[in-house]
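Numbering of residues begins at 1 and proceeds along the displayed sequence. All ligand and atom numbering here is 1-based and tracks the order in the structure.
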Amino acid sequence: MGKNRETFGSRMGMLLAMAGSAIGLGNIWRFPYTLGENGGAAFLLLYVLMLVFICLPVMISEYLLGRRGESNPFRTFRNLAPGSKWYWIGWSLKYLANAVTGSLMSYGADYGDYFQAFISNPWKPLLYTMMFLGLTGLIIALGVRKGIERMSKIMIGVLFVIIVLVVIRSLTLPGALEGVKYMFVPDFSKVTAQTCIAAMGQAFFSLSIGCGCILTYASYVDKKENIAGSAGWIAFFDTGFAVIAGLAIIPAVYAIALMNGADPNVDAGPGLVFITLPGVFKAMPLGGVAALLFFTALLLAAITSAISLMEVVVAFIIEELHKSRAVAVVLCFILCGVVGMFCSLSFGPLKEMSLFGLSVFDFFDYITSNIMLPVGGLLLAVFAGWKLKKANYMDELTNGGTLGIPRWLAMTVFYLVKFVAPIAISVIFLNCILG
Ligand code: PFF
């Protein structure tokens, strides 16, 4: 660790900042619809298996590389993955704003049209994207302890309380139990190779592995910290939160569908949160309050993840280009702002613009989710398993043998990273590219 690097102030702050990176749109937006598309409980079970045996070892390795910090992490992971997700985040802010003013609930027509009208608007997606980026930048400008750590602590705390309130609303609707069963009673006839791949891809995305976020945060962590223990806690918080978010959404979707004699639309895909759910809130008692809470939760979750993404670039600019934190934030804002501008307008004024046959939005979504994330994860696993000396890996994992981690456990983690993870990630990658 460099002499002048800032560090986290407390273990709890560090864990919550890392959990803040992991808990995000992946939990509240992507997890429920991926679960819905892949048959519910059986997917959940596979998800946990993939998480424990593949993703957690890779996460431990990213953490370990970051803390060890002898190879400059920013040179390896300086690609612009952070620029990619801002536009969804802008959407979440817009939905929250409309939930506050009440216009979301009073909308009379189909929410598919509502969503379409918003994303194709000539300036609104841009406005919300920039506001979101600005907010993220302000928090980062305050520094590791006062900005990232303090804000993550507050936001994750509030987020948890809010989502639990939405879960209570969802579970107390008549018919909600059907949705709970869908989440927890597995139907193995639905499991295919594709389900396994979806579960693994989701677990990688959800733990923020492969973009340098964990690596960057880990470089602010104390040398005495138990890496495997903290990574385990973060994965536990993240998975617990995904299940809670599922419980906020899926039972409600079931209950309202039953009430209307319609099909529960849990396999609605990416539109589940932005299109199906507003309709569900509208139909339920106290739905306006639930919508307000839900979209606040979505925004908070998105911000804490965005902070971690932006910090990767900011830390790179500070250390490699020797700029102050404030200047780094401004540069990063401009960079992300330009990419975000093209992305957020790509359903409206820039609809005709295309890169390699894809709209700007789809292009960035594709290269970041399908290429940069798996390639980042693969490089990381290969680096940790093959380039770093095994003795150094063990040394870092056990803090020089002082932690009393059983040797068989440390070896298992190492070999999972060395052999199993690279193969598994290559499979997801090839599937995404060829599929
Ligand atoms: N883990 C975040 C989520 O689940 O929403 C998304 C994410 C953040 C992915 C940061 C990758 C990353 F580097």
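- The closest donor-acceptor contact from the side chain of E149 to the backbone of S10 lies under 3.5 Å.
- Ring geometry, F237 versus W233: the interplanar angle falls from 30° to 60°, so the pair is classed tilted.
- The contact set between ligand 1 and G24, taken as ligand atoms under 4.0 Å from a residue heavy atom, comprises 3 (C), 4 (O), 5 (O).
- Below 30°, between 30° and 60°, or above 60°: for Y254 and Y182 the angle between ring planes is between 30° and 60°, a tilted geometry.
- Near S21, the atoms of ligand 1 lying under 4.0 angstrom from a non-hydrogen atom of the residue are 1 (N), 2 (C), 8 (C).
- For the residue pair T304 and S152, no side-chain donor N or O sits within less than 3.5 Å of a side-chain acceptor on the partner.
- Ligand 1 has no N or O atom lying under 3.5 Å from any N or O atom of L309, backbone or side chain.
- The aromatic rings of F281 and F294 sit tilted relative to each other, their planes meeting at an angle between 30° and 60°.
- Of all the listed residues (S308, G212, G20, S208), S208 holds the heavy atom that lies closest to atom 12 (C) of ligand 1.
- Remark: the backbone N or O of G385 is not paired with any side-chain donor or acceptor of S61 at under 3.5 angstrom.
- Note: no N/O pair closer than 3.5 Å links L207 and ligand 1 by distance alone.
- Close approach of ligand 1 to G26 is summarised as follows: ligand atoms under 4.0 Å from at least one heavy atom of the residue are 3 (C), 4 (O), 5 (O).
- The distance from ligand 1 to the heavy atoms of N27 drops below 4.0 Å at these ligand atoms: 4 (O).
- Contact annotation for A22 and ligand 1: only backbone heavy atoms (N, CA, C, O) come within less than 4.0 Å of the ligand.
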